[in-house]
Amino acid sequence: MAEAWSLRADGVALHIRLTPKASRDAVEGCETLADGRRVVKARVRAVPEDGAANEAARRLLAKSLGLPASKVNLEAGATARLKTFHLTGDPAAIDAKLRALTGTGPA
């Protein structure tokens, strides 16, 4: 089964399903959507207005993965629940952190 992220030469493309206006900020593992795509589930307290939820998601991912916020950038899905973030850095190291964070274990 495909992962919720893909390795690139300069980092990782991470696909998430974001829930704004939640009671807490959290990354909650992976899920498979109805169309078979895998995503990481995340929730943030911020509202989806003026990019606040996107920025909260960016900072949550950075903190959860131990990356500088400048290394986490929204690539697609600015106005959708399904988003793609580009995580810049060593792909193998980021992959290992994602597996630990989501509980998916080694490849």
Side-chain angles (χ1 to χ4, degrees):
M1 180 177 292
E3 289 295 339
W5 58 88
S6 55
L7 304 183
R8 296 182 176 172
D10 63 343
V12 173
L14 173 65
H15 308 288
I16 71 166
R17 182 178 188 282
L18 184 66
T19 302
K21 298 192 300 186
S23 60
R24 62 191 173 94
D25 295 343
V27 175
E28 299 181 328
C30 292
E31 73 175 337
T32 303
L33 301 176
D35 63 5
R37 289 184 293 167
R38 299 268 298 160
V39 293
V40 171
K41 297 186 300 182
R43 60 181 63 240
V44 294
R45 289 184 293 242
V47 296
E49 295 174 5
D50 300 323
N54 292 336
E55 179 61 17
R58 186 176 78 87
R59 293 190 178 280
L60 172 65
L61 290 171
K63 181 179 179 183
S64 298
L65 295 169
L67 296 170
S70 63
K71 300 287 186 184
V72 179
N73 295 296
L74 181 63
E75 194 172 80
T79 59
R81 283 185 185 258
L82 298 177
K83 301 178 183 299
T84 302
F85 281 88
H86 182 255
L87 313 174
T88 305
D90 175 35
I94 296 172
D95 179 59
K97 289 178 182 181
L98 283 166
R99 289 181 185 286
L101 178 65
T102 60
T104 57

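Values reported hereafter were calculated over all heavy atoms of this structure, with side chains retained and with hydrogens, waters and symmetry mates removed.
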So how far is it from [X] [atom1] to [Y] [atom2], rounded to the nearest 0.5 Å?
| X | Y | atom1 | atom2 | value |
| --- | --- | --- | --- | --- |
| L87 | R58 | CG | CZ | 11.5 Å |
| D25 | R59 | CG | CZ | 12.0 Å |
| L18 | N54 | CG | CG | 7.0 Å |
| T19 | E28 | OG1 | CD | 7.5 Å |
| E75 | H15 | CD | NE2 | 8.5 Å |

Side chains of [X] and [Y]: closer than 4.5 Å at any heavy-atom pair?
| X | Y | answer |
| --- | --- | --- |
| R17 | E31 | yes |
| L65 | V72 | no |
| W5 | T102 | yes |

Shortest non-hydrogen contact from [X] to [Y]?
| X | Y | answer |
| --- | --- | --- |
| S64 | L101 | CB-CD2, 3.9 Å |
| A56 | A46 | CB-CB, 3.8 Å |
| P91 | V12 | O-CG2, 4.0 Å |
| A57 | I16 | CB-CD1, 4.4 Å |
| A69 | A62 | CA-CB, 3.7 Å |
| C30 | R38 | CB-NH2, 3.3 Å |

query: Testing T84, L98, I94, V39 for side chain to side chain contact (heavy atoms under 4.5 Å, CB included) with L14, which one passes?
result: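 Of the listed options, the one satisfying the test is L98.
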- request: May I ask whether L82 and V44 are part of the same hydrophobic cluster, defined by side-chain heavy atoms of I, L, V, M, F, W, Y residues being less than 4.5 angstrom apart, directly or through others?
  value: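 Different clusters: L82 never reaches V44 through Ile, Leu, Val, Met, Phe, Trp or Tyr contacts under 4.5 Å.
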- prompt: Do any N or O atoms from the side chain of R43 and from the backbone of R24 form a donor-acceptor pair under 3.5 angstrom?
  reply: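 Absent.
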- request: Give a yes or no on this: more than 12 heavy atoms of other residues, nucleotides or ligands lie within 6.0 Å of atom NZ of K71.
  value: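 Atom NZ in K71 is not crowded, with 12 or fewer foreign heavy atoms closer than 6.0 Å.
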